[in-house]
Amino acid sequence: MPSRILEKAGAQVRVYKDQDELALKAARRFARLADQYVVGSGRFTVALSGGSTPKAMFALLAESPFVETIPWSSIYFFWGDERCVPPDHADSNYRMTMETLLARVPVPQENIFRMAGELADADQAAQQYADTLQQFFLQPAASRATAPLANVPRFDLVFLGMGGDGHTASLFPETAALHNDSDIVTANYVEKFKAYRITLTAKTINNARNVTFLIAGQDKAETLRQVLEGERQTERYPSQMIQPRSGTLLWLVDEAAASLLQSD
Ligand code: 6PG
């Protein structure tokens, strides 16, 4: 059970005592949604976040009881964002996810759709991923409900992290991607890294059936307070842009990250 459940900005925030409990509850949520969608529609489509927070959850999913019970062959893996590096680069979200999860569970390689961070042209990589998503999601599939936004992929689940600067996916403060209301995937130049990132746009993330943030650590506390309790400033805190049109929004956090939140 969470130590606290809060209602913030129209979403539920479940606070767990530490990072281990947070990872376990996130793994259980993944497993529960996977079962729900595979039973309901024959597949489960999930976009994963990168960074370090998801690693503990991935490690649990690759072990018993999850590794034996999750319907891996019916799950399709995507990413919310990727760095513009080759897939074997130390900074690659794909590499991190392969090493901590996907190479350790029986998911078919053809169910894994990575962003081509190795391409020299970031716009080309973004367009290529958009084409992949359109081909995968927007094929006529009788059993799939239509998306609330036509021609926008609808993930069953998008996992997100949040940076200390309030970014999520690669929607960084004061960057062009925050104003991209037309594309489903975009290349986003991030000045502080002097590099491009490939990212789903808020339009695509907000089209998901379920969006779940996974946030841990004292270093996120002030930003999480601003995002959930402060005034709406999406340029400064892009995580505030995440408001699913007709999907669930759930924040899974540890006590350290939630330490500055007002209890209801
Ligand atoms: C990335 C992630 C990014 C991440 C946050 C939080 O490519 O880095 O997708 O959005 O979720 O930066 O990262 P940590 O979990 O490492 O704090």
Side-chain angles (χ1 to χ4, degrees), residues 16 18-20 22-23 25-27 30 46-61 77-87 89-102 113-118 122 125-126 129 155 157-175 177-178 185-202 204-206 208 211-224 226-228 234 236-242 249-254 256-259:
Y16 295 100
D18 57 26
Q19 295 197 28
D20 288 345
L22 175 65
K25 296 304 173 66
F30 179 96
V46 57
L48 300 174
S49 71
S52 55
T53 305
K55 289 181 181 177
M57 171 184 67
F58 290 165
L60 288 176
L61 290 171
F77 288 93
F78 302 83
W79 276 264
D81 71 325
E82 184 56 279
R83 291 80 180 279
C84 287
V85 294
H89 190 281
D91 292 343
S92 165
N93 288 335
Y94 168 81
R95 174 177 161 180
M96 178 276 286
T97 314
M98 287 302 290
E99 288 177 345
T100 52
L101 176 60
L102 298 181
F113 300 86
R114 69 176 183 85
M115 295 175 169
E118 68 276 19
Y129 206 64
F155 289 99
L157 172 62
V158 175
F159 261 122
L160 294 174
M162 184 192 75
D165 60 0
H167 82 265
T168 190
S170 280
L171 302 171
F172 283 84
E174 320 286 342
T175 57
L178 305 188
V185 186
T186 191
N188 193 29
Y189 185 75
V190 186
E191 182 58 37
K192 75 175 182 181
F193 300 133
K194 299 254 183 299
Y196 279 91
R197 292 279 189 96
I198 313 299
T199 186
L200 299 184
T201 55
T204 304
I205 296 169
N206 285 329
V211 178
T212 299
F213 275 93
L214 199 54
I215 303 171
Q218 189 65 42
D219 61 320
K220 305 286 175 74
E222 173 55 24
T223 302
L224 189 61
Q226 288 288 353
V227 167
L228 292 178
T234 51
R236 183 165 176 196
Y237 298 108
S239 292
Q240 291 180 330
M241 296 179 73
I242 306 308
L249 176 58
L250 178 62
W251 300 75
L252 302 183
V253 303
D254 69 357
S259 57

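In listed order, ligands and their atoms are each counted from 1. Computed from a predicted model, the values in this text were never measured in an experiment.
Thr53 OG1, 2.6 Å is the protein heavy atom nearest to atom 15 (O) of ligand 1. Among protein heavy atoms, the minimum distance from atom 8 (O) of ligand 1 is reached at Arg83 NH2, 2.7 Å.
The contact set between ligand 1 and Ser52, taken as ligand atoms under 4.0 Å from a residue heavy atom, comprises 14 (P), 15 (O), 16 (O). Close contacts between ligand 1 and Gly51 involve ligand atoms 1 (C), 2 (C), 8 (O), 13 (O), 16 (O) [criterion: under 4.0 Å to a heavy atom]. Short contacts between ligand 1 and Asn93, defined as distances under 4.0 Å to a heavy atom of the residue, involve ligand atoms 1 (C), 7 (O).
The distance criterion of under 3.5 Å between nitrogen or oxygen atoms is not met by Thr168 with respect to ligand 1. When only interatomic distances are considered, the shortest N/O to N/O separation between Leu160 and ligand 1 does not fall below 3.5 Å.
Distance alone, capped at 3.5 Å, places no donor-acceptor pair between the Thr199 side chain and the Asp81 backbone. Between the side chain of Lys55 and the main chain of Thr100, no donor-acceptor pair closer than 3.5 Å is present.
For the pair Tyr94 and Leu102, the minimum side-chain heavy-atom distance is 4.5 Å or more. Between Glu191 and Phe172, the closest side-chain pair of non-hydrogen atoms is not below 4.5 Å. Considering only heavy atoms from C-beta on, Trp251 comes within 4.5 Å of Leu224 through its side chain.
Below 30°, between 30° and 60°, or above 60°: for Phe155 and Phe78 the angle between ring planes is above 60°, a perpendicular geometry.
Residue-level proximity to ligand 1 for Asp81 is carried by the side chain, the only part with a heavy atom below 4.0 angstrom.
Residue Ala169 holds the heavy atom nearest to atom 10 (O) of ligand 1 of all those in Ala169, Gly161, Ser170. Between atom 5 (C) of ligand 1 and the options Lys220, His167, Lys55, the minimum heavy-atom separation is to His167.
At least one heavy atom of Arg197 sits less than 4.0 Å from an atom of ligand 1.
Rounding to the nearest 0.5 Å places CG of Leu200 at 12.0 Å from CG of Asn188.
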* To do: Mind running side-chain contact (heavy atoms from CB on, under 4.5 Å) on Leu250 and Val211 for me, showing each step along the way?
  => CA-CA 6 Å; Leu250 178 62; Val211 178; over 6 Å; no
